[in-house]
Number of protein chains: 2
Amino acid sequence: MPTIPPHEDEPRTCRLCSVRSNGICRVLDTSQLARLARHTRSTRHEAGAEVFGDETDITTYANVVSGVIKLMKVLEDGRQQVVGLKFANDFIGRIHAASNALSAEATSEVELCLVPRALMEAMLEENRPLERWLMKETLRELDEAREWMVTLGRKSAAERVASFLYLIALHVNPELGSDTATVEYDLPLTRSDMADFLGLSIETVSRQLTELRRLEIIVIHNKRHVHIPDTERLRQRAG
Amino acid sequence: MPTIPPHEDEPRTCRLCSVRSNGICRVLDTSQLARLARHTRSTRHEAGAEVFGDETDITTYANVVSGVIKLMKVLEDGRQQVVGLKFANDFIGRIHAASNALSAEATSEVELCLVPRALMEAMLEENRPLERWLMKETLRELDEAREWMVTLGRKSAAERVASFLYLIALHVNPELGSDTATVEYDLPLTRSDMADFLGLSIETVSRQLTELRRLEIIVIHNKRHVHIPDTERLRQRAG
DNA sequence: CGAACTGTTGAGTCTAGTCAATACCCGTGG
DNA sequence: CCACGGGTATTGACTAGACTCAACAGTTCG
């Protein structure tokens with residue numbers, strides 16, 4: 001278990017990103033990193049906590065340090081759809097908008113680094129690589145959203161669940177596909193969250209997981225820990 | 001039928017956008033408009049024609065002058081999903097990427113204005129308002145994609161079809177919702193395209209249209225022309 | 001007129017949803 | 001220690017909504 005240093009007010013280099021990350025800090029110069037360190041604030045949220053509300057004004061942006069956050073849209077009658085997941089080093093926030101019509105909730109314990117809106121916008125103004133980095137991030141989000149539209153619109157329940165497990169596997173090991181790779185991880189979402197992401201009912205998600213287990217495509221321990229002996233088989237099931 | 005002026009090589013002000021548009025030309029300075037006029041090329045495509053292929057390299061960007069284009073993703077087994085629609089004044093192209101894993105097809109007769117990749121990137125480099133405009137466009141696309149994810153993941157067939165009709169109505173008259181407004185338009189998509197957009201079968205789309213007609217929420221002439229006497233009723237049916 | 005294409009309608013099937021019961025996992029407190 | 005309660009997950013029985021297959025209607029074009 002990692003120890004969490006408390007937030008310190010002295011300026012120092014950025015704690016936002018891990019060393020090997022492609023996160024935001026990669027494109028900041030030293031002066032900006034120093035400013036960032038002075039003005040950012042780190043927060044923690046436990047699983048299930050709301051991070052940003054549906055209609056709250058956006059006064060800060062955030063960088064995910066650890067944990068997973070789900071972005072949700074909710075209909076009047078209560079139906080809800082997860083429209084995106086944010087992992088470590090992902091950036092959260094809607095530039096150029098007063099509100100986002102989206103709520104963000106922690107699905108596991110989450111550590112965030114909050115960046116004041118004014119600071120972020122000032123840095124964007126003076127740092128073009130940062131602006132370009134943000135553009136690329138936004139395009140990646142768009143690609144992900146469109147990829148998921150195919151899953152929601154055209155795939156069966158079996159394929160959806162497999163797609164989700166493969167998606168997480170790819171996050172754990174981005175270099176999949178080369179060999180018959182083995183992956184193992186803890187699911188960052190409850191069955192209910194998975195259902196909301198996949199556009200299914202919890203019962204269907206559960207049944208499909210059982211079926212995947214029966215086919216020995218996955219092994220599950222303690223409801224949450226997933227072992228995938230052959231990711232290629234899983235990928236094929238994902239459609 | 002409009003006459004199509006052949007492309008002219010003399011520099012002149014931009015023909016890309018209509019006067020009242022929020023399109024790309026709004027953020028270009030006069031020198032750039034002149035350069036654009038020299039290097040753009042206009043093309044037409046008939047309904048059903050492929051505009052950009054799935055894996056073709058991106059050598060040009062494009063501005064939609066008139067007509068509608070669908071962006072599609074296709075699975076190996078042939079299932080396909082429309083992940084976006086492009087209308088007049090919309091910009092098409094994936095900045096910072098070699099390929100887009102997306103195909104674009106005209107759904108009605110389409111007039112495009114092609115912008116060479118190098119020119120676009122040069123202008124982006126020297127014109128920050130343009131860069132910011134593109135960022136906003138991308139964010140709008142992301143919002144639209146996420147909105148549609150809710151439709152695909154959580155809405156019934158009846159709600160999906162109503163959502164689609166309302167979406168088009170909003171495009172025809174962006175100031176809807178104020179009063180009990182009446183809207184009338186020609187559907188820019190075939191039943192098959194609608195099905196691919198909505199994640200439904202053509203038969204289900206057809207049945208839902210029949211049902212909407214029976215409820216007198218819409219009136220259809222010649223299969224394609226839709227009249228909506230009370231857009232509020234339609235919106236309610238859209239969930 | 002027939003062919004090709006698009007759209008509508010009907011009948012039967014099947015997938016995924018709903019409702020309900022039960023199992024499992026933990027933490028609390030007797 | 002075990003009993004109890006609350007939350008989460010699984011499983012079963014039944015149902016409803018959308019899909020498939022198939023027939024047919026309406027248009028356009030040669």
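Worth saying up front: this structure is predicted, and the values here are computed from it rather than measured. Within every chain, numbering begins at 1; the chains are lettered A, B, ... in the order of the sequence lines, protein sequences first and strands thereafter.
Applying the side chain to side chain contact (heavy atoms under 4.5 Å, CB included) test between A:F197 and each of A:T151, A:L167, A:L152 identifies A:L167 as the sole match.
Of the residues in residues 192-209 of chain A, those placing a heavy atom less than 4.0 Å from an atom of DNA chain D are A:E203, A:S206, A:R207, in numerical order.
Counting heavy atoms from C-beta on, the side chains of B:E109 and B:R44 come closer than 4.5 Å. When side chains are defined from C-beta on, A:R191 counts as touching A:L187, because their heavy atoms get closer than 4.5 Å. Side-chain contact check for A:V51 versus A:L112: some heavy-atom pair is nearer than 4.5 Å.
Nucleotide C:dT6 holds its P atom 17 Å from the CD1 atom of B:I220, rounded to whole Å. Rounded to an integer number of Å, the gap from A:N222 CG to C:dA23 C1' is 15 Å. Nucleotide C:dG7 holds its P atom 17 Å from the NE2 atom of B:H221, rounded to whole Å. As rounded to whole Å, 15 Å separates atom C1' of C:dT15 from atom CZ of A:R154. We find that CG of A:L189 is positioned 10 Å from P of D:dA9, with the value rounded to whole Å. Here D:dC19 presents its C1' atom at 18 Å from CZ of B:R191, a figure rounded to the nearest Å. Between the C1' atom of C:dT18 and the CZ atom of A:R79 lies a distance of 15 Å, rounded to the nearest Å. The CG-P distance, from A:L212 to D:dT10, rounds to 12 Å in whole Å.
Listed nucleotides D:dA18, C:dT9, D:dT11 differ in distance to B:R213; the shortest reach to its side chain belongs to C:dT9. Comparing C:dA16, D:dA9, C:dT8 against the side chain of A:K223 picks out D:dA9 as the nearest.
Here A:H225 pairs with nothing under the ring-ring contact (aromatic ring centres under 6.0 Å, His included) rule; sequence neighbours left out.
A:R160 comes within 4.0 angstrom of no nucleic acid atom, judged by non-hydrogen atoms across all strands.
Side-chain atoms of A:T182 come within 3.5 Å of backbone atoms of A:P229 as a donor-acceptor pair (strictly under, hydrogens ignored).
The CD atom of B:Q236 lies 10.0 Å from the CD atom of A:E76; values are rounded to the nearest 0.5 Å.
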